[in-house]
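Data block below; observations after.
The shown structure was predicted, so the numbers you read here are calculated from the model rather than taken from an experiment. Below, chains carry the letters A, B, ... as their sequence lines are ordered, and counting in each starts from 1.
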There are 2 protein chains.
Amino acid sequence: MSQTFQRLAVAPAYQQVSETIEREILAGRIKPGDKLPTETALAVQMGVNRSTVREGIRLLEQSGLVRREGGKRLTASLPHYGELASRMSRAMVLHEVSFLELWEAAMALEPATARLAAPRIGPDLLAQLADNLARTEETLRKGRSVVELDIEFHALIAKAADNKALLLAREPTSLLFYPAVGVLLRKLPQAGKRLLDAHRQILAGLERAHAETAESWMRKHIVDFKRGYAMAGIAMDRPVEQIAHDLSPRRRTPAA
Amino acid sequence: MSQTFQRLAVAPAYQQVSETIEREILAGRIKPGDKLPTETALAVQMGVNRSTVREGIRLLEQSGLVRREGGKRLTASLPHYGELASRMSRAMVLHEVSFLELWEAAMALEPATARLAAPRIGPDLLAQLADNLARTEETLRKGRSVVELDIEFHALIAKAADNKALLLAREPTSLLFYPAVGVLLRKLPQAGKRLLDAHRQILAGLERAHAETAESWMRKHIVDFKRGYAMAGIAMDRPVEQIAHDLSPRRRTPAA
DNA sequence: GGGGCGTCAATTGTCCGACAATCGGATAAT
DNA sequence: ATTATCCGATTGTCGGACAATTGACGCCCC
């Protein structure tokens with residue numbers, strides 16, 4: 001009854017096409033920005049039909065290694081963080097991630113991000129944060145949703161931390177977490193003031209390049225959300241579902 | 001000189017096909033595991049050619065929402081974490097992430113993961129960790145590379161933390177970080193013993209469900225890597241490059 | 001009756017050829 | 001110099017075709 005034989009892997013041609021081109025890019029023989037050969041040329045070189053090449057190209061296109069600008073020639077490209085992150089967050093939704101899980105992840109990521117950002121942030125991002133803060137205040141006064149602004153605030157800090165690994169690690173969680181926080185803000189109006197307050201303190205810490213302040217206020221900020229959920233009596237262990245459903249209406253890349 | 005007009009987005013048909021099917025899945029009208037209609041049926045329903053449908057399917061296939069088991073009928077599916085993570089780490093390599101960035105991310109993620117794992121880990125994973133430890137010891141004695149085992153050790157802990165958001169956040173970093181640590185282990189043989197020691201302490205903490213111990217030893221463990229890099233005089237701010245090049249030789253899914 | 005085997009239609013993977021629309025660029029006209 | 005016109009190259013989509021493989025059904029034998 002031994003399971004001695006595995007399925008022998010015969011990859012369809014279109015997959016091999018994709019892998020072949022991918023290897024060329026990964027190995028650096030085709031650099032981001034370079035134009036790839038035309039479909040017909042690829043088909044001839046690889047000895048397959050153009051239709052097959054096209055299917056292979058679709059795979060690369062979705063993985064972000066290749067991109068069609070406008071409607072013309074194919075160019076190699078670096079996968080965009082935004083697309084990766086939004087794909088990941090969609091995956092998380094499908095896997096029914098709960099608010100608690102998001103919160104725990106945010107607890108690990110956001111304070112650390114703030115701490116790193118403090119000594120590295122420059123005047124430009126500080127100004128953007130200040131502007132974000134002002135708009136948040138304004139929006140809050142009008143009683144409108146500050147979810148996008150909240151996401152932006154934290155994303156700006158992540159940018160300031162200047163760490164691509166961390167940026168990519170936190171983005172998917174953030175895309176789901178803050179919308180989930182939005183639910184809270186609607187239920188618990190006073191949470192808005194607390195959010196604004198925390199943002200102010202965090203910014204203050206960053207302005208003084210004071211890592212401790214930035215980190216600890218960020219921690220309080222995140223802790224607050226969980227407290228808010230408890231206070232509002234929202235179930236934390238249930239899937240966040242499609243709260244963030246209408247985000248990322250991504251189509252073909254608009255010209256640069 | 002105002003940039004008033006954006007490129008108006010005309011999505012090609014194959015992309016619309018992909019988006020249409022994706023919406024059906026995201027909305028839950030097609031559930032993971034369900035079989036999708038045949039290519040011809042889809043083509044007829046959407047009023048496009050089968051080739052076009054196929055190209056659309058490739059997009060979905062790459063995003064993991066759809067999967068072809070063996071060689072037959074198309075089924076909806078949840079994106080696999082492993083594939084997502086390895087795609088992300090490839091992206092990070094292309095973006096030339098440095099060891100320092102990975103280390104900072106690991107510093108944020110791993111101790112928090114260990115802390116969460118401590119009260120949640122079950123006997124099964126504890127046994128697997130113990131086994132991993134034994135194999136690590138053995139492998140180290142033989143002077144062979146423990147990179148895979150190291151990755152596995154930390155992945156097991158992440159599994160024990162039972163947090164999908166965190167699992168997904170740390171995996172891509174981990175896939176690059178530990179191979180980068182492998183470089184260190186080859187240069188600095190005594191680091192192997194320190195690694196083993198740390199793993200032992202972490203496991204001990206987990207066994208006693210002592211979050212503090214697990215977390216603080218994990219922190220020491222990660223800090224050690226940076227110290228090792230400094231000691232070995234390896235540049236930390238340079239891209240990790242294709243250290244993890246031969247990982248993830250993923251082809252089409254072997255039959256279940 | 002149940003398990004194994006052949007048959008057969010359905011489906012996929014690949015190929016071929018075709019054509020309108022669009023693009024890049026060169027050339028001519030204003 | 002800018003605009004208009006033309007031409008070849010390339011992409012997006014289509015139609016049809018066919019071998020290989022699969023799934024399902026029915027048949028046969030024990």
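- Not counting sequence neighbours, the partners of B:D131 by the salt bridge (Lys or Arg N to Asp or Glu O under 4.0 Å) test are B:R135.
- Nearest nucleotide to the side chain of B:S51, out of D:dG12, C:dC16, D:dG15: D:dG15.
- Ion pairing between a basic and an acidic side chain is recognised when a charged N comes within 4.0 Å of a carboxylate O; B:E138 and B:R144 show no such pairing.
- Between the C1' atom of C:dG13 and the CD1 atom of B:I57 lies a distance of 12 Å, rounded to the nearest Å.
- Per the geometry, CG belonging to B:N49 stands 16 Å off P belonging to C:dC15, to the nearest Å.
- Among residues two or more places apart in sequence or in another chain, the side-chain hydrogen bond (donor to acceptor under 3.5 Å, both in side chains) test is passed with A:N49 by A:S51.
- Between the CD atom of B:E55 and the P atom of D:dT13 there is a distance of 7 Å, rounded to whole Å.
- Using a 4.0 Å heavy-atom cutoff across all strands shown, A:T38 reaches sugar-phosphate atoms only and no base atom.
- Here the P atom of nucleotide C:dT12 and the CD atom of B:E61 are 12 Å apart, to the nearest Å.
- Following rounding to the nearest Å, A:R68 (CZ) and C:dA21 (C1') show an atom-to-atom distance of 14 Å.
- Among residue pairs with one or both ends in residues 148-167 of chain B, those qualifying as ring-ring contact (aromatic ring centres under 6.0 Å, His included) are B:F153-B:H199, B:H154-B:Y178, B:H154-B:H199, B:H154-B:H221; sequence neighbours excluded.
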Just the atom pairs and distances: protein N or O near nucleotides 17-20 of chain D's N or O, under 3.5 Å.
| residue | atom | partner | partner atom | Å |
| --- | --- | --- | --- | --- |
| D:dA17 | N6 | B:R50 | NH2 | 3.3 |

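- Of the residues in residues 39-48 of chain B, those placing a heavy atom less than 4.0 Å from an atom of DNA chain C are B:E39, in numerical order.
- For the pair B:L59 CG and D:dG12 C1', the computed distance is 14 Å after rounding to whole Å.
- For residues 15-68 of chain B, the set of pairs meeting the ring-ring contact (aromatic ring centres under 6.0 Å, His included) definition, not counting sequence neighbours, is empty.
- The CZ-P distance, from B:R54 to C:dC15, rounds to 11 Å in whole Å.
- Of the candidates D:dG15, C:dT11, C:dG13, the closest approach to any side-chain atom of B:R73 belongs to C:dT11.
- With sequence neighbours left out, A:K31 forms a salt bridge (Lys or Arg N to Asp or Glu O under 4.0 Å) with no residue at all.
- In terms of the salt bridge (Lys or Arg N to Asp or Glu O under 4.0 Å) criterion, residue partners of A:E39 (sequence neighbours excluded) are, by chain and number, A:R50, A:R54, A:R68.
- Atom P of nucleotide C:dT12 and atom NZ of B:K35 are separated by 11 Å, given to the nearest angstrom.
- Under the rule for a salt bridge (Lys or Arg N to Asp or Glu O under 4.0 Å), A:K159 has no partner lying at least two apart in sequence or in another chain.
- Residues B:F99 and B:F225 keep their aromatic ring centres 6.0 Å or farther apart.
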